[in-house]
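All remarks here apply to the structure that follows.
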Amino acid sequence: MANFYLDNPSLKHYLEHPLMRRIVELRERNYTDKDQFDYAPIDFEDAIDSYNKVMEIAGEVIADVVAVNAEEVDALGPKVVNNRVVYAPGTAENLKVMTQAGLMGLSMPRRYGGLNLPMVTFIMMSDLAARADAGFSNLWALQDCAETLYEFGNEEQRKQFIPRVCAGATMSMDLTEPDAGSDLQAVQLKATYDEANNCWRLNGVKRFITNGDSDIHLVLARSEEGTKDGRGLSMFIYDKNDGGVNVRRIENKMGIKGSPTCELTYKNAKAQLCGDRKLGLIKYVMSLMNGARLGIMAQATGISERAYREALSYAKERKQFGKAIIEFPAVFEMVANIKAKLDASRTVLYETSRFVDIYKTLEDIEKDRKLEPAEKEELKKYKKLADAYTPLGKLMTTEYANQTAYDCVQVHGGSGFMKDYACERLYRDARITNIYEGTSQLQVVAAIRHVLTGTYLSQMKAYHQQEFSSELTPLKERLAAMVAIYEQIVPAVSETKNQDYIDFQARRLVESAGHIILGYLLLEDATRMPEEFRRSAEVYINYGEAEVKKNADFINNFCIDSLNFYRQ
């Protein structure tokens, strides 16, 4: 039997990261759950052992069921019958076996039926699921909407909805509309309070809603009459059992075909207010979107994992001119670059997940007691890092997913253009990752602030102070030289005080920061697990060094007056 967790040593490596001890310590609240739940861990070692066992179960189910069903699901897809979504048979089976295996509601507290697992493990399972079927990873991972419900809903709502998610109920986040895509301030779905029935009613249309016929929806709607901006929006919980929402159609997409992307019509649908009025976009959706972006990072990484394995396997088996094509430099360079970008994606994915784990858990602890001064500083530190790394990671991992899928098809040659090979599906599935939950361009907008305020530079210098194995010293020195270039080009752009020019060069600055940070993270991995990461560190730093120099050449040789030539 196959197992997507056991066949990938790098995953267990991330569960053994030094920060995991602090994450588990916070998550388990001094292991007090052991007195109430017999499956709760009694100490750190027991917790990590438990995580490994859960991941082994997930790895087996995902490999033997989800991956096996992937091609059929891609071919059949979901359909609409009487205004309801009917999943492809393989998708229905996937959801059933994941629920039967107890793999729903993983991160929710045990008192609601969850396993209280850290974000790192949830993201790891998303990584595995995307390797099997990126479309299914969307459906399964949307249960993470429960994190938002847990964080901002009241206790009655938690008790009502979270146990259902843990028992297998699906979720969706209903945000975008025909005239409100990236600009969510333009949302017009109307929420009015029904005095007679003591509830809210929702009316309007939502579009591009992933898993739009889910059991439980988080809905962004305009609750304040006469408003036109984000301050008039609130978040609501809609229960499919109450009726009032129909699926008008499923979008005919390029990829992730097993995941129904729906247009919904709300007609006097009953809903509950989640949290406070007017904070739907300003606070709750921002939190929800950051979680979703982390999930897309995992999806992109899983796609890159599968692309690497498909490319490597084919390159070893395919013979031309009397030898396997992996022996040709043009091919082994492509495969090596796929592997390096995969490992770079994964290392920033789990670094970001650790940051999120720590600050989110401290925020949750703060609901029950006052934090100590050191804990407050810890929360502040990791919240800032999560805010900086989420857009950076989403940008880098999703762009790499597209590049690795592209190169995987290229390794296959003409065969890669045929549906007989998984790489054709990967190529289509990858394309959405740098579009939804915020395009790459929007990630740059979010990340450039951390370039200009020095967040990324501070992290580069902190990484450089770490102890790496001595054989990695030449790579460390090359990264230091890249940092020096970065320190030169940032002020060269920012000190112009020309906002259009800063925006124009922003992507080059952000990507340069990304190449350096991912390089340092790979050195850290190569120090702890050289047999798995040493080669990727070398290849990636070669690649990143060339990219940083290219960006610097463009910036240093660019005349601001030339900006007008780019305008249409």
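Just so it is clear, the values below take in all heavy atoms, side chains as well, and ignore hydrogens, waters and symmetry mates. Just so you know, residue 1 is the first one in the sequence shown, and it goes up from there.
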Subject >> All side-chain hydrogen bond (donor to acceptor under 3.5 Å, both in side chains) counterparts of T398, not counting sequence neighbours >> reply: none

**OP:** Show the numbers, then the answer: is there a side chain to side chain donor-acceptor pair (under 3.5 Å) between H412 and E424?
**Re:** CA-CA 10 Å; H412 283 71; E424 183 271 344; over 6 Å; no

Original post:
With under 30° as parallel and over 60° as perpendicular, where do the rings of F533 and H13 fit, or are they tilted in between?
Top reply: tilted

Original post:
Are the side chains of R567 and L563 in touch, meaning some heavy atoms are under 4.5 Å apart?
Top reply: yes

Original post:
Would you call E305-R309 a salt bridge at under 4.0 Å N-O?
Top reply: yes

Original post:
Which atoms form the tightest heavy-atom contact between A315 and V335, and what is the distance?
Top reply: CB-CG2, 4.4 Å

Original post:
Do other residues, nucleotides or ligands put more than 12 heavy atoms under 6.0 Å from R478 CZ?
Top reply: yes

Subject >> Student check: side-chain heavy atoms of K341 and M396 closer than 4.5 Å >> reply: no

**OP:** Measure the shortest side-chain to side-chain distance between R428 and K257 over non-hydrogen atoms and say whether it is less than 4.5 angstrom.
**Re:** yes

Subject >> Electrostatic pair E378-R22, nearest N-O below 4.0 angstrom >> reply: yes

Original post:
Under 3.5 Å, is there a donor-acceptor pair linking the side chains of N138 and T210?
Top reply: no

Original post:
With a 3.5 Å cut-off and no angle check, do the side chains of T404 and S304 form a donor-acceptor pair?
Top reply: yes

Subject >> Closest non-hydrogen atom pair, V66 against D133 >> reply: CG1-CB, 4.0 Å

Subject >> From CD1 (I256) to CZ (R425), nearest 0.5 Å >> reply: 12.0 Å

**OP:** Please step through side-chain contact (heavy atoms from CB on, under 4.5 Å) for the pair K53 and M55, ending with a clear verdict.
**Re:** CA-CA 5 Å; K53 287 176 179 174; M55 291 307 305; over 6 Å; no

Original post:
Does any non-hydrogen side-chain atom of R27 lie less than 4.5 Å from one of S107?
Top reply: yes

Original post:
According to the interplanar angle, ranging from 0 to 90°, do the rings of F122 and W140 count as parallel (below 30°), tilted (30 to 60°) or perpendicular (above 60°)?
Top reply: parallel

Original post:
Hey, what do you get for CG (N551) to CD (Q505), rounding to the nearest 0.5 Å?
Top reply: 8.5 Å

**OP:** May I ask you to check whether E399 and N434 show a side-chain donor-acceptor distance below 3.5 Å?
**Re:** yes

Do any side-chain atoms of residues 479-488 form donor-acceptor pairs under 3.5 angstrom with protein atoms, and if so which ones, sequence neighbours left out?
{"residue": "E487", "atom": "OE2", "partner": "K461", "partner atom": "NZ", "Å": "3.4"}
{"residue": "Q488", "atom": "OE1", "partner": "N556", "partner atom": "ND2", "Å": "3.4"}
{"residue": "Q488", "atom": "NE2", "partner": "N556", "partner atom": "OD1", "Å": "3.0"}

Original post:
What residue pairs, at least two apart or across chains, pass side chain to side chain donor-acceptor pair (under 3.5 Å) with a residue in residues 326-340?
Top reply: K339-D343

Original post:
Quick one: CD on E317 to CD1 on I325, what's the gap to the nearest 0.5 Å?
Top reply: 10.0 Å

Original post:
Are N52 and Y5 close enough that a side-chain donor and a side-chain acceptor fall under 3.5 Å?
Top reply: yes

**OP:** With sequence neighbours left out, write down each residue that passes salt bridge (charged side-chain N to carboxylate O under 4.0 Å, His left out) with R29, or none if nothing qualifies.
**Re:** D364

Subject >> pair Y51-P118: side-chain heavy atoms closer than 4.5 Å >> reply: yes

Subject >> Note: R534-E538 ion pair, threshold 4.0 Å (strictly below) >> reply: yes

Original post:
If every non-hydrogen atom of I48 is compared with every non-hydrogen atom of L15, which pair is closest and at what distance?
Top reply: CD1-O, 3.7 Å

Output a table of donor-acceptor pairs, distance under 3.5 Å, between side-chain atoms of residues 284-292 and any protein atom two or more places apart or on a different chain; print 'none' if there are none.
{"residue": "Y284", "atom": "OH", "partner": "D276", "partner atom": "N", "Å": "2.8"}
{"residue": "S287", "atom": "OG", "partner": "K360", "partner atom": "NZ", "Å": "3.0"}

Subject >> Pair R293 + E437, salt bridge at N-O below 4.0 Å >> reply: no

Original post:
Mind checking what makes salt bridge (charged side-chain N to carboxylate O under 4.0 Å, His left out) contact with E511, not counting sequence neighbours?
Top reply: R507

**OP:** Would you indicate whether the side-chain heavy atoms of Y350 and M119 approach each other to under 4.5 Å?
**Re:** no

**OP:** On the 0 to 90° scale, with breaks at 30° and 60°, tag the Y400-Y540 ring pair as parallel, tilted or perpendicular.
**Re:** perpendicular

Subject >> Distance-only side-chain donor-acceptor flag, Q403 / D407, under 3.5 Å >> reply: no

**OP:** Check the side chains of E532 and S10 for a donor-acceptor pair under 3.5 angstrom, ignoring hydrogens and angles.
**Re:** no

Original post:
Between Y314 and Y421, how do the two ring planes meet: parallel, tilted or perpendicular, split at 30° and 60°?
Top reply: perpendicular

Original post:
Quick one: are K497 and I502 in side-chain contact, heavy atoms under 4.5 Å?
Top reply: no

Subject >> D127 versus T301, side-chain donor and acceptor atoms under 3.5 Å >> reply: no

Subject >> Side chains of S259 and F136 in contact at under 4.5 Å (non-hydrogen atoms) >> reply: no

